[in-house]
Structures are given as structure tokens and as C-alpha cells.
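Take a look at the structure set out below.
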Number of protein chains: 2
Amino acid sequence: MDSKDGHNQKIPVAVVRRLTKYLSHTQCLRQAGMDWVSSTELAEALGLTSSTVRQDLSHIDFFGISKRGYSTAGLEASLASTLGADRETSCVVVGAGNLGRALAQHEEFSRQGFRICGVFDSNPAMAGKKVGKLLVQGMAELPAVVGEQVVDIGIVAVPFPAAQQVADWLIVAGVRGLLNLTTAHIIVPRKVSLVDARFLASLRELAYAVKISEPRVPAG
Amino acid sequence: MDSKDGHNQKIPVAVVRRLTKYLSHTQCLRQAGMDWVSSTELAEALGLTSSTVRQDLSHIDFFGISKRGYSTAGLEASLASTLGADRETSCVVVGAGNLGRALAQHEEFSRQGFRICGVFDSNPAMAGKKVGKLLVQGMAELPAVVGEQVVDIGIVAVPFPAAQQVADWLIVAGVRGLLNLTTAHIIVPRKVSLVDARFLASLRELAYAVKISEPRVPAG
DNA sequence: TAGATTGTTAATCGATTAACAATC
DNA sequence: TAGATTGTTAATCGATTAACAATC
């Protein structure tokens, strides 16, 4: 019964990325007490066209109403259910440096259903230190924690030369997705998903944009 | 003389993003002592096709040699120059929470030419606290620091309801690009560039991928 | 009812890939 | 030289936008 209507087909990543935006924005609208939103309003708020919004929303199992738009409550629920944001997702962080510790304690994640259930570091000197309510564990503990707690996602926050090795360990331990915070290109088997956080790449992208937008120096 | 050959046209963002990958990987290759690399090798290492690599590199002012490929030294230099990675880029961080402090101290950034020259927080209780070698400053100091030090990029690491306001202040102060670490959709004037770090969105994307790759429960 | 807004089909646009002559 | 690899043009693919009948 799961696929009777053509939904539950795999949604293109470009669309999934925008669905996450609609979800965030719809949550805001609901908090602001708005009961309805139109594709035009959604588009304007997020810098898209209304056509894109309607096309995107045709991928989820929810329908708007002519002349009124979409019920924010229904839209939020349907987006959450499509994206899997209606259940908790367990994560572990590997690398207890600045970035790893910051993410492990990032409140927005827990508010949004991402539970960090372990922080690991290969440096024995880090073991036992506190990160929020968690204690840093050695890499040796990783398989047990991932296996027992059915951890979905591993966050790779180590120095980049160690990234592939850490990813391999996480995959063997059983995670199904990896968030890569390093600049390394990580290779994963097909059954595992990978998303690159692209911090440094984002800064480079900005540096390029700033560079080309610079006022031309008048020819000398 | 800058545009005589059709380079220095604005490069599509999809291409710019891959150029940053080529740059990272070429740096690795050089450190490993490799003098030459072919489009096929680059493609294989980064999960692309050799056709894409050659097409992308046609945007930069550098040429390979038939049968040998690209000189890693020349490629690195040309990519760095095209992207603006051959000069220092100044940044400020607004928001001295976990994430802001972590980024301000992230060593990879300074290694790669991004200099953090200020950390700001609207909470007076944070003022004067140390973040690496910097002291947290109040928002009132922002315009002076950005103006005097010719800061290119502002990193927005505040709670999401404050994101637009902080972005506006940064833009008025004179930054030319913004890295948005929040889930908020920030609106910027055309002359300012914006890149979203999309942390939470990345986790959601992973959660969706994990969800749809789950083994189907056999029909009851 | 009249008019606004949806869902969907068709058209456009841009990005990726294939193919191949040029060349070291 | 022969063969490998480039740079570039043409073909394909997919994503975005436009258009419009259906409808509340």
C-alpha cells in the first residue's frame, strides 16, 4: 500500500533540500499563528517561484485547497512525515575538537529531533571529558554504542586526513548516513548516504563572489 | 586586459563548487609529491566524470598537456588565483555561542587563508571573554572593526530569530558576503553574496535518505 | 457567482555527458 | 611514430518555469 499513488518514489535531492526549507518556514508560520499559506507566499519568503513550490509539493502526500492555499498544520505534518522529521534520529559525533563539541551541544539539533547519543575521540587524553551531558569515549566503544542504540547518522568532525578511516569505522559499526565536516572527499558504499557540510568550500564560494564583484580598478 | 579571453566571465556556482574540490584535492596531491594529474584521475578521486572535470577546468586560465595531464603546481596556482584563494580573506563571527566560538577557532580556516578578525555577541555578559586569541566584543563595535579592517565576510552564528537583524547590521557595516549558519532564510541586497551552511538541512537530508533506504517491512 | 489558487502538463533553460579532432 | 589525453562542440539529461484547465 505504500506506493499506490506514486508518492514514496525517491524524491530528487534538489527537491528534498527545498522541502526542508518549507518545513522550517512552515514551523515559523505556525508559531506566528498563521493557519494558511499560499504557494506565492511561500515562494516569496524563500526566494523561489510559486511554480517551483507547487511542483515540489506535488511530491508529498498532501493537497492544498483552491483559493486558500495550504493549511500550515497539515503541510507541516506532511512534510515532517515525508522527510522522516516526525521521528527522532540518533547521531554520534566523532572528533571532540571545537567543531565536534559545538555540534554535539547544538540545541537546535535536539529541538528538531536529532539526538546526539555519543561523542568519540581517538585521543585517549580526551576520554572521559564532558561535552554537554555526554562523556567523550574512545573509538573502541564506537561499535557497541552504534549497534545497541541503533544510531542512524555519524558526524565526522576529525582532522581531514583521518576522515576516510573514521567514516569506514562508522559504516562498519552500522550507521546509514554520514555528515562530513572535513574537506576530505569520503567514499561510501551505495547503501550509505553522505552529505558534505562544505564549510571551507562555502567560504571559498563567498570569497570568489566577493572577488568578482569587486569594483574594477581603472586601467592605468 | 582582464577579460580578453572569455575567462573572468562569471563562473556558474555549480562549477565554482567543484573548483573548490579540485583545489583541495590538488593541494593533497602536491603534498603527496605528485607532479601531474589527469582529468580521469581527478574525476575518479572526486566521484565525477572526466568530461565534467575538463569542462570545468576550461573555465580557468590554465591548460593541460596532451598525454600528461595537468601540472599539479600550475593547477593549484591557477585554481587559487581564480577563486581568490591566493589572498587572505577577512571574516568576522557574530554570535559567541558554541558554534561561533568553534568556527572562530577552526584551524583549517586560518591555514586556508581565512582570517577571523573579530567575534561579536549582543549579550553584554559575553563581552571580554576570550575566544582563541580574540576577545568577544559588543555589537556596537562591529561597524568600526568591519570598516577599519576591510572585512569581506560575516559569519552569522546567532539563534535563528536574530539572523536577519544581524545580517542587516553586517551589511550596513560593509561586509560583501555572508555565511549563514542558522536555519533562517536571510534576504540580502544583490551586491551582497549569501551562502547557507545548511547544517540542520543536511541532517534532514540524511534522515530522509536513511528513511527511504530502510528495508521494507513485509506486508502483514 | 467571479476570481484566486491549485495541480499538472508542456516549454525552456542550464548543466552534465559523450564524442572526437587536435596534439604532445 | 602510435597512443593517450586534452579542449571543445554537440547531444542528452534533468531541473525550473510558464501556462492553463480544474475547482473551491
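Letters go in sequence order (proteins before strands), and every chain restarts at 1.
- Nucleotide D:dT16 holds its P atom 10 Å from the NE2 atom of A:H59, rounded to whole Å.
- The residue B:S39 sits close only to the backbone: its heavy atoms come under 4.0 Å of sugar-phosphate atoms, none of a base.
- Distance from the side chain of B:Y70 is smallest for D:dT6 among the nucleotides D:dT6, D:dT17, D:dC20.
- Considering only side-chain atoms of B:S58, the nucleotide from C:dG3, D:dT8, C:dT16 that sits closest is D:dT8.
- We find that NZ of B:K67 is positioned 18 Å from C1' of D:dG7, with the value rounded to whole Å.
- The interatomic distance linking B:K21 (NZ) with C:dT16 (P) rounds to 11 Å, in whole Å.
- Checked against C:dC20, C:dA15, D:dC20, the side chain of B:R54 finds its nearest nucleotide in C:dC20.
- Comparing C:dA10, D:dA19, D:dA10 by their nearest atom to the side chain of A:Q55 picks out C:dA10.
- Residue B:S51 places no side-chain N or O under 4.0 Å from the OP1 or OP2 atom of C:dA18.
- Note on B:S38: only backbone sugar-phosphate atoms sit closer than 4.0 angstrom, heavy atoms only; bases stay farther off.
- No more than 12 heavy atoms of other residues, nucleotides or ligands shown are found within 6.0 angstrom of CD on B:E107.
- The pairing partner recorded for C:dA10 is D:dT17, the criterion being a Watson-Crick or G-U wobble arrangement whose two distances lie under 3.5 angstrom.
- Rounded to an integer number of Å, the gap from CD1 of A:I11 to P of D:dA15 is 13 Å.
- Using a 4.0 Å heavy-atom criterion, one finds that A:T49 contacts the sugar-phosphate atoms exclusively.
- Between B:V37 and A:R68, it is B:V37 whose nearest contact on DNA chain D lies nearer the 5' terminus.
- If you take CD1 of A:I60 and C1' of C:dG7, they are 13 Å apart, rounded to a whole angstrom.
- Heavy-atom contacts from other residues, nucleotides or ligands closer than 6.0 Å to CD of A:E44 number 12 or fewer.
- The CG atom of B:D61 sits 16 Å away from the C1' atom of D:dT6 (whole-angstrom rounding).
- We find that CG of B:L19 is positioned 13 Å from P of C:dA15, with the value rounded to whole Å.
- With hydrogens and angles left out, the side chain of A:S66 and the base of C:dA4 share no donor-acceptor pair within 3.5 Å.
- In this entry C:dA22 has D:dT5 as its Watson-Crick or G-U wobble partner, both defining distances falling under 3.5 Å.
- Taking 4.5 Å as the limit, some side-chain heavy atom of A:H25 sits within range of a side-chain heavy atom of A:L42.
- B:R18 and B:T52 form no side-chain donor-acceptor contact under 3.5 Å, judged by distance and modelled atom types alone.
- The aromatic rings of B:F109 and B:F114 sit perpendicular to each other, their planes meeting at more than 60°, with 30° as the lower class boundary.
- Separating the CG atom of A:D56 from the P atom of D:dT16 is a distance of 7 Å, rounded to the nearest angstrom.
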